[in-house]
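Residue numbers count from 1 along this sequence.
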Amino acid sequence: MPRYTTTVAKRLRTMMAELHELRRIRGEYERLVSTLQELGISGGQNLRQSARIASGNGRAGTTGKRYRSSPAEMESQYKALASACGGAWMSREAICQKAGLDPKRCAAAFKRLTEGFESDGKKVKALFESNGKRGLGGAYRKA
């Protein structure tokens with residue numbers, strides 16, 4: 001046989017073997033999908049949610065929507081929080097309550113106060129200083 005014919009024949013054998021392997025993998029995938037459907041797990045859930053449902057350790061899809069503040073709202077929250085905190089150590093909830101804000105809705109503004117931010121290409125320093133503790137022991141004051 002000529003050299004080119006042998007090369008083409010080898011390539012064809014390789015492609016046929018790969019095609020056979022792909023068909024085998026596709027069959028396994030289809031069996032897996034049918035097993036998942038039998039278990040009642042929808043394709044929209046990720047594996048972590050599916051595992052939690054299967055083990056009974058929680059319900060999937062019960063998280064609430066994340067609140068997103070507009071830039072103007074965040075600026076007003078930032079100013080209200082900055083004016084509410086004094087030189088004494090206060091908890092985050094106490095600062096938000098004094099400013100008349102919901103702690104969950106002003107999380108982004110509070111983060112700006114504790115970490116600083118960049119506005120119009122200029123860096124704004126953090127206004128609040130943390131005591132370094134997390135959770136119930138965490139407190140803040142003006143830096």
Side-chain angles (χ1 to χ4, degrees), residues 4-143:
Y4 297 112
T5 308
T6 307
T7 305
V8 170
K10 285 181 182 178
R11 286 186 182 169
L12 279 174
R13 276 189 233 116
T14 304
M15 292 172 89
M16 294 278 291
E18 289 175 356
L19 180 62
H20 180 70
E21 181 68 18
L22 288 173
R23 285 183 176 160
R24 185 186 63 79
I25 291 172
R26 183 177 181 186
E28 289 178 8
Y29 172 76
E30 288 174 355
R31 282 192 295 271
L32 179 63
V33 168
S34 67
T35 304
L36 288 174
Q37 287 174 347
E38 288 172 9
L39 292 173
I41 299 171
S42 69
Q45 296 173 335
N46 62 26
L47 291 176
R48 181 173 290 166
Q49 289 173 329
S50 303
R52 279 196 334 225
I53 292 170
S55 66
N57 292 338
R59 297 168 290 186
T62 58
T63 59
K65 293 239 180 207
R66 191 169 103 190
Y67 183 77
R68 296 181 186 268
S69 303
S70 66
E73 186 179 6
M74 191 178 309
E75 186 67 28
S76 67
Q77 291 173 350
Y78 179 86
K79 289 178 181 176
L81 288 170
S83 64
C85 186
W89 292 101
M90 297 174 68
S91 69
R92 176 181 173 156
E93 288 75 22
I95 295 170
C96 292
Q97 186 179 15
K98 190 174 178 183
L101 300 171
D102 181 23
K104 291 181 181 177
R105 290 188 174 237
C106 64
F110 203 87
K111 185 175 180 180
R112 284 184 169 204
L113 285 165
T114 57
E115 297 178 5
F117 63 101
E118 191 171 322
S119 176
D120 298 328
K122 298 177 184 177
K123 290 192 176 186
V124 179
K125 291 185 178 180
L127 290 180
F128 285 4
E129 173 187 14
S130 171
N131 67 350
K133 295 182 182 176
R134 296 180 63 179
L136 296 175
Y140 303 90
R141 70 176 177 188
K142 282 201 174 179

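One distance of note links OH of Y29 with CG of L32; it measures 8.0 Å at 0.5 Å rounding. Here NZ of K98 is found 8.5 Å from OG of S83. Values are rounded to the nearest 0.5 Å. Distance CG/L12 to OG1/T5: 11.0 Å, rounded to 0.5 Å.
The two residues W89 and N131 make their nearest non-hydrogen contact at CZ3-N, 3.4 Å. Of all non-hydrogen atoms in K142 and E129, the two that sit nearest each other are O-OE1, 4.3 Å.
For residues 110-123, no pair satisfies salt bridge (Lys or Arg N to Asp or Glu O under 4.0 Å), with sequence neighbours left out. Screening residues 122-143 for ring-ring contact (aromatic ring centres under 6.0 Å, His included) gives F110-F128, F110-Y140 as the qualifying pairs, with residues at least two apart or on separate chains. Each side chain to side chain donor-acceptor pair (under 3.5 Å) pair with one or both residues in residues 18-27, not counting sequence neighbours, appears once here: E21-R24, R24-E28, R26-E30.
Counting heavy atoms of neighbouring residues, nucleotides and ligands inside a 6.0 Å radius, atom NZ of K79 does not exceed 12 of them. Residue-environment remark: CD (E73) exceeds the threshold of 12 foreign heavy atoms within 6.0 Å.
Remark: A126 pairs with no residue by the side chain to side chain contact (heavy atoms under 4.5 Å, CB included) rule, at least two apart or across chains. Shown here are the side chain to side chain contact (heavy atoms under 4.5 Å, CB included) partners of L101, two or more places apart in sequence or in another chain: Q77, A80, L81, A99, C106. Shown here are the side chain to side chain contact (heavy atoms under 4.5 Å, CB included) partners of S34, two or more places apart in sequence or in another chain: there are none.
With contacts defined as side-chain heavy-atom distances shorter than 4.5 Å, the pair C85/I95 qualifies.
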